[in-house]
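Numbering starts at 1 and runs along the sequence shown.
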Amino acid sequence: RGLILSNHGCRQMDGTPANIDVLPSVVEAVRAVEGEHRVEVLLDSGIRTGAHVLKSLALGASAVLVGRPILWGLAGAGQQGVEWVLDHLRQELADDMACVGCSSVAEVGPHVIYNKTQSSTN
């Protein structure tokens with residue numbers, strides 16, 4: 001079972017929050033309702049870099065959905081372009097995880113995200 005958090009169609013509405021901003025609240029609400037039953041929360045919309053993937057995972061997403069970059073790769077170079085995009089994202093994610101001290105996705109959590117509010121209270 002899963003839930004896809006997406007803002008497709010909302011880009012025309014001014015003032016709607018970005019998916020990444022509401023992701024932690026959505027994950028918390030889903031876990032509160034579902035309890036022990038694992039519901040995967042997939043984040044869709046705006047994933048362009050490995051850093052976007054890392055932040056999404058750190059804020060509670062089980063995985064991300066990548067649309068436009070895949071299509072750009074396909075349009076530019078067919079299957080090889082798609083493979084390049086996926087390899088590039090994978091390598092960026094690995095590099096970004098190394099920068100925050102994580103050697104596996106299982107180690108990624110909210111602690112890898114800089115929080116200005118928390119920083120100013122310490």
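Here the closest heavy-atom approach between residue Asp96 and residue Gly50 is recorded as OD2-C, 3.3 Å. Pairing each heavy atom of Ala58 with each of Val112, the nearest pair is CB-CG2, 3.5 Å. In this structure, His52 and Arg48 approach most closely via the heavy-atom pair ND1-N, 2.9 Å. When all heavy atoms of Glu107 and Ser103 are compared, the closest pair comes out as OE1-N, 2.7 Å.
Applying the side-chain hydrogen bond (donor to acceptor under 3.5 Å, both in side chains) test to every pair with at least one member in residues 70-85, sequence neighbours left out, gives these pairs: Gln79-Glu83.
Taking CG of Leu43 as the reference point, atom CG of Leu59 lies at 9.0 Å (rounded to 0.5 Å). Note that CG of Leu89 and CD1 of Ile47 are 9.0 Å apart. Values are rounded to the nearest 0.5 Å. Summarising the geometry, atom CD1 belonging to Ile20 is positioned 7.0 Å from atom CD1 belonging to Ile113; distances are rounded to the nearest 0.5 Å. Atom CG of Leu23 sits about 13.0 Å away from atom NZ of Lys55, to the nearest 0.5 Å. The distance from the CG atom of Asp95 to the CG atom of Leu54 is 11.0 Å, given to the nearest 0.5 Å. Rounding to the nearest 0.5 Å gives a distance of 7.5 Å between OG of Ser45 and CG of Leu5.
With hydrogens and angles disregarded, no donor-acceptor distance shorter than 3.5 Å links the side chain of Asn7 to the backbone of Asn19. Between the side chain of Glu34 and the backbone N or O of Val30 there is no donor-acceptor pair closer than 3.5 Å. In this structure a side-chain-to-backbone donor-acceptor pair under 3.5 Å is missing from Ser62 to Leu42.
A continuous path of Ile, Leu, Val, Met, Phe, Trp and Tyr side chains, each step under 4.5 Å between heavy atoms, connects Leu93 with Val66, placing both in one hydrophobic cluster. In the hydrophobic clustering of ILVMFWY residues, with side-chain heavy atoms under 4.5 Å counting as a link, Val64 and Leu71 come out apart.
For the pair Val105 and Met97, the minimum side-chain heavy-atom distance is below 4.5 Å. Val39 is not listed as a side-chain neighbour of Val33, based on a closest heavy-atom distance of 4.5 Å or more. Side-chain contact check for Val53 versus Leu57: some heavy-atom pair is nearer than 4.5 Å.
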Would you check, one step at a time, whether the test side-chain contact (heavy atoms from CB on, under 4.5 Å) holds for Leu3 with Val26? CA-CA 10 Å; Leu3 176 133; Val26 170; 3.9 Å; yes
Checking side-chain contact (heavy atoms from CB on, under 4.5 Å) for the pair Ile70/Leu86: CA distance, chi angles, key distance, verdict? CA-CA 8 Å; Ile70 299 293; Leu86 292 174; 3.4 Å; yes
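For the residue pair Gln91 / Asp87, no side-chain donor-acceptor distance below 3.5 Å is found, with atom types taken as modelled.
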